[in-house]
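Right, one structure below, let's go through it.
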Amino acid sequence: MNINISLPDGKVIKAQQGTCALEIAKTISEGLARNILSASVNNEDWDINRPINQDCCLKLHTFNDIEGKKCFWHSSAHLMAEALEYLYPGIKLGIGPAIDNGFYYDVDLGDDRKISSDDFPKIEEKMLSLAREKNSFNRKEINKQEAINYFKQKGDEYKIELLDDLIDGDITFYTQGNFTDLCKGPHIDNTGRIKAIKLLNIAGAYWRGDESRKQMTRIYGVSFQKQKELTAHLEMLEEAKKRDHRKIGKEMELFTFSKKVGQGLPLWLPKGAQLREKLENFLKKAQENAGYLPVITPHIGNKDLYVCSGHYEKYGEDSFQPIKTPQENEEFFLKPMNCPHHCEVYKSKQYSYKDLPVRFAEFGTVYRYEQSGELHGLTRVRGFTQDDAHLFVRPDQVKEEFINVIDLVLYVFRALSFKDFKVQISLRDKENKSKYIGSEENWEKAEQDIIDATKEKNLNTVIEYGEAAFYGPKLDFMVKDALGREWQLGTIQVDYSLPERFELEYTGKDNNKHRPVMIHRAPFGSMERFVAVLIEHCGGNFPLWLSPEQFIILPISEKFHDYAEKVKQLLKNYDICGPIDKRAETTSRKIRDAEVSKIPFIIVVGEREEAEEKITVRKHGGKNIGNIPTNEFIEIVKKEMRELINFTN
RNA sequence: GCCGAUGUAGCUCAGAGGUAGAGCGUUUCCUUGGUAAGGAAGAGGUCACGGGUUCAAUUCCCGUCAUUGGCUCCA
């Protein structure tokens with residue numbers, strides 16, 4: 001009997017009932033048949049050799065697709081489990097999924113055994129030798145009792161616990177070689193596809209993420225079809241290590257931490273502070289143009305403020321403890337958010353519907369007691385500055401304001417060369433609308449407004465249901481950095497809760513009081529986190545307009561120090577700054593050091609330059625601009641700066 | 001917060017039960033230089049902190065603190 005198989009391009013293939021994705025791939029091209037790893041049949045994951053018995057939509061996945069990669073890595077996790085069972089008989093297995101960049105498996109080695117990274121080579125070797133056996137992955141539907149019996153006999157209580165949550169009739173085993181695992185699949189056709197393996201690290205992980213339960217050993221790895229791909233991946237990891245903002249921050253003297261000052265409290269060094277100030281001034285200017293009003297609010301607030309905002313109830317116990325005063329019962333808290341203060345700013349006067357939107361902006365420093373194990377460089381700290389603003393708008397203005405904020409965020413991203421990003425729209429959980437505050441009508445409208453705004457701006461969006469905060473839907477910007485890693489940066493959030501709690505009002509056309517909608521937004525997110533991401537994105541080679549120093553002057557010898565000073569002063573008049581390297585070193589040496597320090601322009605001055613009143617300019621990276629008058633250099637610098645920050649959307 | 005690893009000079013790191021080493025940087029001197037490391041000499045360390053074992057601990061053991069890989073969390 002024939003069935004119809006439709007492909008994503010609309011083509012329909014007639015095939016024998018019981019055919020499989022691999023067969024279909026063969027009819028399309030030999031190359032595809034060689035590379036196909038998994039498939040989906042009517043959007044259900046499907047092994048490539050699993051029979052297809054009815055009309056369906058078929059998608060074929062190779063390593064270039066997320067689905068293909070995940071399938072490949074998931075199969076690699078099974079392969080690792082097989083190797084581990086061989087090398088460590090009697091181990092118990094937890095879960096072993098594919099992740100964004102590889103796979104892991106959680107294992108319980110028993111009390112007296114340990115694995116360290118020193119053991120990786122022998123595990124990798126065993127995996128490769130098992131892979132070379134080209135064992136096929138065999139899928140088997142199994143009833144629940146049989147499955148439980150299997151793991152009982154094997155002595156693996158973890159799998160039995162997993163089985164508890166599964167419905168009989170929906171349970172499958174996969175077997176390759178001597179290894180059988182409870183698994184939904186899909187898997188690659190045989191282990192022979194796995195040609196290059198690297199185990200990366202090892203860590204403890206609680207069974208089911210519950211710290212009251214057994215801690216298992218989690219082994220992370222990555223695998224590829226070709227050695228070359230593995231090498232490239234490892235090189236990327238090396239590059240990421242080189243760009244680590246903690247390392248570059250130290251090398252370039254941007255920021256530091258001090259045990260004495262306290263964990264997670266960054267100290268911005270002069271160069272880092274210069275960089276950050278430039279970013280802040282840049283955004284301040286953009287916000288001024290977009291109609292924001294500056295406000296400044298204190299670093300602490302009375303307990304009552306946070307009781308009113310609801311933050312006290314939710315976070316009071318788990319955060320920095322209150323500051324007491326000589327007054328009985330008076331308590332202040334370090335501010336964990338700027339919004340309560342901004343609400344009070346709003347309340348300082350009356351608004352008509354014609355006054356809205358009102359936009360209050362502040363680089364507000366906040367303090368949150370993050371768990372000590374969570375602190376990480378500048379990306380996760382206990383004291384940080386948000387590029388915060390709160391927009392108080394009428395419900396009918398939500399969409400327009402979203403568009404305005406999106407424009408601002410796009411402007412920021414473009415100025416900083418973040419070219420690749422997507423936005424996530426977080427909406428209510430459709431099933432459980434009761435857990436959200438605010439009227440059905442407002443939510444409905446705001447959600448639609450956000451969707452429409454992103455459509456209008458032609459953004460690449462993903463919608464996540466159930467990811468909205470209890471107080472409103474939101475839009476998050478995730479940028480991809482130069483190494484392809486994703487970071488969540490800017491955010492725009494609608495809030496119905498705070499206007500309610502603070503009883504914010506404006507007078508409408510109807511002369512009645514109305515409640516404004518509040519929009520929180522931060523294009524950078526926090527200065528700390530943003531600078532960290534920026535450092536890793538550009539590897540410390542900041543865009544010229546942000547670089548703490550734009551040039552370094554290298555006098556050929558001591559005789560030209562005066563001329564160097566003169567050039568430096570001249571450039572300073574145009575806000576182009578940098579030092580003079582007056583060390584008694586050779587020019588080659590000074591060039592090398594300047595290159596290593598990532599300074600954008602190197603200016604060499606010697607006899608020729610002084611005589612002709614010129615400078616010789618070399619760009620970071622080795623490109624010679626040549627012997628030019630200083631004015632010409634100023635023009636070059638100004639032009640390069642303008643290119644990134646002066647444009648209209 | 002939990003589990004593992006780490007903590008030696010400003011930085012990157014080696015080292016061993018018997019009072020500490022390299023490279024880079026820094027200082028001084030020589031060299032006055034033309035596009036990715038010129039030469040020489042010197043300074044610099046309670047080996048994170050607190051206990052214990054030992055004739056002797058920076059090294060072994062325990063605790064604390066910090067960093068770090070994860071887990072959990074993230075207004």
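Each chain gets a letter, A, B and so on, in the order its sequence line appears, and its residues count up from 1.
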[atom1]-based separation of [M] from [N] [nearest Å]:
| N | M | atom1 | answer |
| --- | --- | --- | --- |
| B:A22 | B:A14 | C1' | 7 Å |
| B:U27 | B:G10 | C1' | 13 Å |
| B:A43 | B:U31 | P | 24 Å |
| B:A36 | B:U19 | C1' | 42 Å |
| B:G17 | B:U58 | C1' | 10 Å |
| B:U8 | B:A66 | C1' | 15 Å |
| B:U54 | B:C60 | C1' | 10 Å |
| B:A56 | B:G39 | C1' | 44 Å |

Roughly how many Å is it from [atom1] in [X] to [atom2] in [N], rounded to a whole number?
| X | N | atom1 | atom2 | result |
| --- | --- | --- | --- | --- |
| A:R208 | B:C73 | CZ | C1' | 20 Å |
| A:D100 | B:G70 | CG | P | 13 Å |
| A:Y471 | B:C74 | OH | P | 12 Å |
| A:L378 | B:C74 | CG | P | 22 Å |
| A:L200 | B:G69 | CG | P | 14 Å |
| A:M216 | B:C3 | CE | P | 17 Å |
| A:Y315 | B:C74 | OH | P | 6 Å |
| A:K247 | B:C13 | NZ | C1' | 13 Å |

Taking atom types as modelled, is there a side-chain donor on A:Y306 or A:E313 under 3.5 Å from an acceptor on the other? no
Can you tell me if A:E362 and A:T297 form a side-chain donor-acceptor pair at under 3.5 Å? yes
Measure from the ring center of A:Y436 to the ring center of A:F470 and say whether it is less than 6.0 Å. no
Ring-ring centroid check A:F360 A:F392, cutoff 6.0 Å: yes
Look at the aromatic rings of A:F633 and A:F601 and report parallel, tilted or perpendicular, splitting at 30° and 60°. perpendicular
Do nucleotides 33-47 of chain B as a string where each nucleotide becomes B, S or -: B if the base has a protein heavy atom under 4.0 Å, S if just the sugar-phosphate does, - if no protein is that close. BBBBBB---------
If you apply the rule side chain to side chain donor-acceptor pair (under 3.5 Å), what do you find for A:N302 with A:E331, and how did you get there? CA-CA 6 Å; A:N302 194 296; A:E331 290 180 355; over 6 Å; no
How do A:C339 and A:I202 order along RNA chain B: which one's closest nucleotide is nearer the 5' end? A:I202
Between A:Y369 and A:Q493, which has a closest nucleotide on RNA chain B that is more 5'? A:Y369
Between A:Y367 and B:C74, is there a side-chain N or O to OP1/OP2 distance below 4.0 Å? no
Ion pair present between [X] and [Y], side-chain N to carboxylate O less than 4.0 angstrom?
| X | Y | result |
| --- | --- | --- |
| A:R380 | A:E528 | no |
| A:K598 | A:E549 | no |
| A:E251 | A:K242 | no |

Cation-pi check for A:F477 against A:K422: NZ or CZ below 6.0 Å from the six-membered ring centre and within 45 degrees of the axis, yes or no? no
On the six-membered ring of A:Y369, is A:R382 placed so that its NZ or CZ lies under 6.0 angstrom from the centre and within 45° of the ring axis? yes
Select one nucleotide: of B:C73, B:A75, B:G70, the one nearest the side-chain heavy atoms of A:R380. B:C73
Interatomic distance, CE@A:M518 vs SG@A:C339, rounded to 0.5 Å, equals 5.0 Å
Distance-only donor-acceptor test, A:R218 side-chain atoms vs B:C71 base atoms, 3.5 Å: no
Protein N or O to nucleotides 64-68 of chain B N or O, pairs below 3.5 Å:
from  : atom 1 : to     : atom 2 : distance (Å)
B:A66 : OP1    : A:Q263 : OE1    : 3.2
B:U67 : OP2    : A:Q263 : NE2    : 2.6
B:U68 : OP1    : A:R246 : NH1    : 3.2

Using both pair distances under 3.5 Å as the test, note the stems of at least 3 consecutive Watson-Crick or G-U pairs that include RNA chain B. B:1-7 with B:65-71, B:10-13 with B:21-24, B:26-30 with B:38-42, B:48-52 with B:60-64
Minimum side-chain heavy-atom gap A:I556-A:E607 below 4.5 Å: no
